[in-house]
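On a predicted model such as this, the values are computed, not experimentally measured, just so you know. So you know, we letter chains A, B, ... as the sequences are listed, proteins then strands, and number each from 1.
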Amino acid sequence: MNFNITLPERMILESLQQSSKTLKEINECTKLDPLFLKNIVPSLVSKNLICTCQNNKYGFNKNINADIKSELKNHTSLKSELSEIVSSSIRDRLDNSNQEAFKLKKVFLTPREQKIFKGLLYNVETFLESAESKEHNTSDETIFFWGENNYGKVTHNILNY
Amino acid sequence: MLTQETLIKRYREVYPKDTFQTISNKTNIQITRVFRIFNGAEMKLKEYLLISELLQTSIDSNEFVEKAKICLQSLSIHKVEAILNQMNHSLKLASFKSKYSANSFNNSLQA
């Protein structure tokens with residue numbers, strides 16, 4: 001079964017991984033419109049990704065099997081999900097002039113400059129990895145995305161995909 | 001905001017070949033009701049919004065279908081699969097919006 005997980009569904013799963021919640025608590029944690037929750041939550045229950053618990057709460061199904069776990073990381077679905085994240089950020093930058101939403105730079109670096117950049121990037125990645133896990137609303141998390149690739153290779157791949 | 005008369009007239013300009021059945025299928029408005037609306041009966045707000053939404057689509061549906069056919073013929077299978085996956089993904093996100101009233105669900109959140 002291909003779950004074709006979307007970002008709102010993943011957000012609910014991550015929220016319930018923190019703790020079981022009622023619909024109202026999921027709404028407060030994710031800030032997802034109640035209209036969406038009414039449709040998404042039963043869908044996740046029917047796929048056995050979440051389960052109903054006592055006191056009208058929903059919880060993340062910790063007993064999902066390896067096949068389902070692998071479906072959650074299905075590459076086809078992930079590509080669509082990640083594209084949505086990046087596309088949304090690009091729209092925010094271009095349509096809403098949010099300068100922080102998306103930045104892209106093309107630059108030539110000498111081998112020495114590449115080493116300096118890798119060092120700086122390592123510091124940033126280490127900082128993000130070490131950010132302490134604190135109780136928080138899922139909707140308050142920040143999405144960072146980064147990567148690098150050779151300009152010529154990217155162009156070649158686009159033309160030959 | 002367009003008057004009802006102007007809205008109907010514009011609809012006929014954009015979709016001249018649409019039958020009442022087609023309009024009924026697109027809007028989920030009963031065909032007999034579509035007939036009455038297009039013959040002067042007063043629209044409900046919901047009906048006005050449904051028909052307006054169809055006109056707001058900047059892409060002509062015929063162009064969309066024709067482009068899809070050309071893509072099938074001209075693009076690599078991987079590219080076609082990627083476009084199809086993106087369409088499926090978008091449809092799934094759209095399916096989360098339903099005609100269910102948010103108000104009645106808000107009441108259930110209070111429980």
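- Judged by distance alone, with hydrogens and angles left aside, the side-chain atoms of A:Ser88 form no donor-acceptor pair with the main-chain N or O of A:Ile85 at under 3.5 Å.
- Heavy atoms closer than 4.5 Å to chain B are found in the side chain of A:Ser83, but not in its backbone.
- Across A:Cys53 and A:Ser20, no two heavy atoms sit closer than the pair SG-OG, 4.0 Å.
- B:Asn85 and B:Glu81 share no donor-acceptor pair across their side chains, judged by distance under 3.5 Å alone.
- With sequence neighbours left out, the side-chain hydrogen bond (donor to acceptor under 3.5 Å, both in side chains) criterion links A:Ser19 to A:Lys21.
- Residues A:Lys47 and A:Glu9 are in side-chain contact: their nearest non-hydrogen atoms beyond the backbone lie under 4.5 Å apart.
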Identify all side-chain donor-acceptor contacts of residues 120-128 of chain A below 3.5 Å with residues at least two apart in sequence or on another chain.
| from | atom 1 | to | atom 2 | distance (Å) |
| --- | --- | --- | --- | --- |
| A:Glu125 | OE2 | A:Trp146 | NE1 | 2.9 |
| A:Thr126 | OG1 | A:Tyr122 | O | 2.6 |

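- Residues from residues 30-39 of chain B never place a non-hydrogen atom less than 4.5 Å from a non-hydrogen atom of chain A.
- One N or O on the side chain of B:Ser95 and one on the backbone of B:Lys92 form a donor-acceptor pair closer than 3.5 Å.
- For A:Asn137 (side chain) and A:Thr30 (main-chain N/O), no donor-acceptor pair under 3.5 Å exists by modelled atom type.
- Between the side chain of A:His136 and the main chain of A:Lys134, a donor-acceptor pair closer than 3.5 Å is present.
- Proximity of a side-chain donor or acceptor of B:Tyr15 to a complementary backbone N or O of B:Leu54 within less than 3.5 Å is detected.
- Within residues 92-104 of chain A, no residue has any heavy atom less than 4.5 Å from a heavy atom of chain B.
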